[in-house]
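Note sheet for the following structure.
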Amino acid sequence: AAACAGVAVLFVAIGVWFSWRPESEANDEFIAAIRNGEFIPYYQPVMDIESHRLRGCEVLMRWRRPNGMIVSPGQFMAYAENNGHIFDMTRHMMRVAAEEVGELYGDNPDLKLSINLFAGHFLDREIVSDIKAIFEKSNISYQQIVVEVTERHPLEDMDLARKIIAELQALGVRVALDDVGTGHGGMAYLQKLGVDIIKIDKMFIDTISSDDNSTTIVDSMVELADNLGMGIIAEGVEMEEQIERLLELGVTAAQGYFFAAPMPSGEFIEYAERTEAE
Ligand code: C2E
Ligand code: CA
Ligand code: CA
Ligand code: CA
C-alpha cells in the first residue's frame, strides 16, 4: 500500500509539474521524449476464458522516463491528443511493437494484436498508410491486427471514419469498438461504422457478479454481438466470479488483472510461451 501511495504521489507530482511549466517548455520536452523513443508499448494478454489459452494482446502505451519510471496514459494521453503528438507516438509505438513481437506473431498466426486509435485518426487517411508501411514488411499480418476505436470521444466525420474503417478492413485488419455503452456513439456507431468486435467496458464487468442490471446489460450486448455477427471481449476482469458469469452469458474472450496486467515485451513473450504450452 505504501508503494502504491508513493507511485500515486509521483504521478500527481508529474502532472502538476507538467502543467505548471511554461507551455512551450513543456511541449519542447514532450517532443524530445518522443524523439528519444520514450513512449513504448506494453502488452496486456487477451485470453480465451474457456481454454485459458492466449488469443493475443492489447497494446497500451507507456512513457518510460530516462530514470526508468513508467508513466500511464492517464498522465499524458490527453496532452498528446490535444497537441497532435499522438500521431507520431502511435506510429512509433506500432513500429516498436512490430519489432518486439513480430517473431512471436509470425510463429503463432492465430494471435491478435489490438492497437488503440484516437478519434483524430479517423479524420485522416494517413493511419491507413502508416499501418501499411509498418506491417507490410513485418511478421505480423494484417489479419492479426485489430484497431480499437473508442466511444468516449465523438467521431467528427462519420462518413470519413466509415471509409477509413472499410479501407482497413479491405486489408484484413479488424475493427473493435472500445468502451461500448459509456460514450457518445452507442447503437449509432455499431450501425454506421461496421465494426467487427465490441469491447465490454470494465464498468459493467465490475458489478457483473453482484448487480442484476449489469448482468442484463452484458447479456443484451452478447445477444447484440451475436445478431450482428460481431465478436465480443470483456475488459477489466479481476475476479474468478466474473469469469464464471461471463461464461454463463456466453462471452469467451477477456482481459484483465485476473490474468495479467499490461507488461513489457519480454514478459509478454514469456507469458505467451507459457500459455501456448498449456
Ligand atoms: P482502454 O483502451 O480502455 O484500456 C484498458 C485500460 O484498463 C488500460 O489502462 C489497462 O491497463 C486497464 N486495465 C486492464 N485490465 C484491468 C483490470 O483488470 N483492472 C483495472 N483496474 N484496470 C485494467 P491504461 O493502460 O492506463 O490505459 C488507459 C487508457 O489510455 C486506455 O483505455 C486508452 O483509452 C488510452 N490508451 C492507452 N494506450 C493508448 C494508445 O496507444 N493510443 C491511444 N489513442 N490511447 C491509448
Ligand atoms: Ca496459437
Ligand atoms: Ca482499448
Ligand atoms: Ca476500454
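Here the structure is a predicted model, which is why all the values come from computation and not from measurement.
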Checklist entry - Are more than 12 heavy atoms from other residues, nucleotides or ligands located less than 6.0 Å from atom CZ of Arg91? => result yes

Checklist entry - Taking all non-hydrogen atoms of both residues, which atom of Ile49 and which atom of Ala253 are closest, and how far apart? => result CG1-N, 4.3 Å

Checklist entry - Would you say the side-chain atoms of Asn83 pair up with the backbone N or O of His85, donor to acceptor, closer than 3.5 Å? => result no

Checklist entry - Roughly how far apart are Leu177 CG and Thr150 OG1, rounded to 0.5 Å? => result 7.5 Å

Item to check | Cluster link Val128 to Val59, ILVMFWY, side chain under 4.5 Å | outcome: yes

Item to check | Nearest atoms (heavy-atom pairs only) where Phe39 meets Met61 | outcome: CB-SD, 4.1 Å

Checklist entry - Is the closest side-chain heavy-atom distance between Thr275 and Met47 below 4.5 Å? => result yes

Checklist entry - Can you name the nearest heavy-atom pair linking Cys57 to Phe268, along with the distance? => result CB-CZ, 3.5 Å

Checklist entry - Just by distance, do the side chain of Asn108 and the backbone of Asp110 share a donor-acceptor pair under 3.5 Å? => result no

Item to check | OG on Ser265 to CG on Leu104, rounded to 0.5 Å | outcome: 10.0 Å

Item to check | Worked check of side-chain hydrogen bond (donor to acceptor under 3.5 Å, both in side chains) between Asn116 and Glu58 | outcome: CA-CA 8 Å; Asn116 289 285; Glu58 176 173 4; 2.8 Å; yes

Item to check | Minimum heavy-atom distance Ile164-Leu123, with the two atoms named | outcome: CD1-N, 4.2 Å

Item to check | Cluster check Leu224, Ile200: I/L/V/M/F/W/Y, side chain < 4.5 angstrom | outcome: yes

Checklist entry - Taking everything shown except Gln143 itself, do over 12 heavy atoms lie less than 6.0 Å from its CD? => result yes

Checklist entry - Side chains of Ser141 and Phe135: does their closest heavy-atom pair fall under 4.5 Å? => result no

Checklist outcome for this item: Closest non-hydrogen contact found for Met89 with Ala80 is SD-CB, 3.5 Å

Item to check | Backbone of Val71 reached by a side-chain donor or acceptor of Arg62 within 3.5 Å | outcome: no

Checklist entry - How about Leu155 and Tyr189: do any of their side-chain heavy atoms sit closer than 4.5 Å? => result yes

Checklist entry - What's the verdict on side-chain hydrogen bond (donor to acceptor under 3.5 Å, both in side chains) for Glu148 and Ser114, showing C-alpha distance, side-chain angles and the deciding distance? => result CA-CA 7 Å; Glu148 299 193 3; Ser114 245; 3.0 Å; yes

Item to check | Stepwise side-chain contact (heavy atoms from CB on, under 4.5 Å) test for Phe122 and Glu156 | outcome: CA-CA 8 Å; Phe122 295 92; Glu156 278 160 36; over 6 Å; no

Next on the checklist: Quick check against the 3.5 Å criterion: does Asp196 have a side-chain atom that pairs as donor or acceptor with the backbone of Val175?
Outcome noted: yes

Checklist entry - Does any N or O in the side chain of Asp48 come within less than 3.5 Å of the main-chain N or O of Ser51, such that one atom is a donor and the other an acceptor? => result yes

Checklist outcome for this item: Taken to the nearest 0.5 Å, the spacing of Glu235 CD from Lys202 NZ works out to 9.5 Å

Next on the checklist: Within the 4.5 Å heavy-atom criterion, are Tyr42 and Ile70 side-chain neighbours or not?
Outcome noted: yes

Checklist entry - Side-chain contact, heavy-atom cut-off 4.5 Å: Ile115 with Val146? => result no

Item to check | Backbone N/O of Ile140 and side chain of Ser138: donor-acceptor pair under 3.5 Å | outcome: yes

Checklist entry - Is the number of heavy atoms from other residues, nucleotides or ligands within 6.0 Å of CD (Glu241) greater than 12? => result yes

Next on the checklist: Checking Lys163 against Asp157 for the salt bridge (Lys or Arg N to Asp or Glu O under 4.0 Å) test, could you report, in this order, the C-alpha distance in whole Å, the side-chain angles of both residues, the deciding distance, and whether it holds?
Outcome noted: CA-CA 10 Å; Lys163 282 189 193 126; Asp157 184 339; over 6 Å; no

Checklist entry - Out of curiosity, Ile34 CD1 to Asp88 CG, how far, rounded to the nearest 0.5 Å? => result 6.0 Å

Checklist entry - Less than 4.5 Å apart, any side-chain heavy atom of Thr207 and any of Ser210? => result yes

Next on the checklist: Is there a path of hydrophobic side-chain contacts, each under 4.5 Å between heavy atoms of I/L/V/M/F/W/Y residues, joining Ile145 to Leu54?
Outcome noted: yes

Next on the checklist: In this structure, is the centre-to-centre distance between the rings of Tyr271 and Tyr43 below 6.0 Å?
Outcome noted: no

Checklist entry - Counting only N and O atoms by type, is there a donor-acceptor contact under 3.5 Å from the side chain of Tyr142 to the main-chain atoms of Ile131? => result no

Checklist entry - Ignoring hydrogens and geometry, is there a side-chain-to-backbone donor-acceptor pair from Glu29 to Ala26 under 3.5 Å? => result no

Next on the checklist: Does Glu238 have more than 12 heavy atoms from other residues, nucleotides or ligands lying within 6.0 Å of its CD?
Outcome noted: yes

Checklist entry - Out of curiosity, does Leu228 fall in the hydrophobic cluster containing Val222 (side-chain heavy atoms, cut-off under 4.5 Å, transitive links)? => result yes

Next on the checklist: Could you tell me if the side chain of Arg162 sits less than 4.5 Å from the side chain of Ile165, heavy atoms only?
Outcome noted: yes

Checklist entry - Please walk me through it: do His121 and Phe87 pass side-chain contact (heavy atoms from CB on, under 4.5 Å)? => result CA-CA 8 Å; His121 277 120; Phe87 302 101; 3.6 Å; yes

Next on the checklist: Quick one, Gln44 with Tyr257, criterion side-chain contact (heavy atoms from CB on, under 4.5 Å). Give me CA distance, side-chain angles, the key distance, then yes/no.
Outcome noted: CA-CA 9 Å; Gln44 183 177 39; Tyr257 296 169; 4.1 Å; yes

Next on the checklist: Any non-hydrogen side-chain atom of Met230 less than 4.5 Å from a side-chain atom of Leu190?
Outcome noted: yes

Checklist outcome for this item: CD of Glu244 to CD1 of Ile208, rounded to nearest 0.5 Å, is 11.5 Å

Checklist entry - Looking at CD of Glu167 and CD1 of Ile127, how far apart are the two atoms once the value is rounded to the nearest 0.5 Å? => result 11.5 Å

Next on the checklist: Please evaluate residues Val46 and Lys112 with respect to the criterion side-chain contact (heavy atoms from CB on, under 4.5 Å), reporting the C-alpha separation (whole Å), side-chain torsions for both, the decisive distance (0.1 Å), and the verdict.
Outcome noted: CA-CA 9 Å; Val46 175; Lys112 300 284 187 284; over 6 Å; no

Checklist entry - Do you know the tightest heavy-atom contact between Ala119 and Pro154? => result CB-O, 3.6 Å

Checklist entry - In terms of the angle between their ring planes, are Phe76 and Trp63 parallel, tilted or perpendicular, with boundaries placed at 30° and 60°? => result perpendicular

Checklist entry - Is a side-chain donor or acceptor of Asn36 paired with a backbone partner of Glu38 at a separation under 3.5 angstrom? => result no

Checklist entry - Donor-acceptor pair, Gln144 side chain versus Leu111 backbone, under 3.5 Å? => result yes

Checklist entry - Would Leu60 and Ile86 show up in the same hydrophobic cluster when neighbours are defined by side-chain heavy atoms closer than 4.5 Å? => result no

Item to check | Passing option when Val251 is tested against Asp219, Leu246, Ile205, Ile233 for side-chain contact (heavy atoms from CB on, under 4.5 Å) | outcome: Leu246

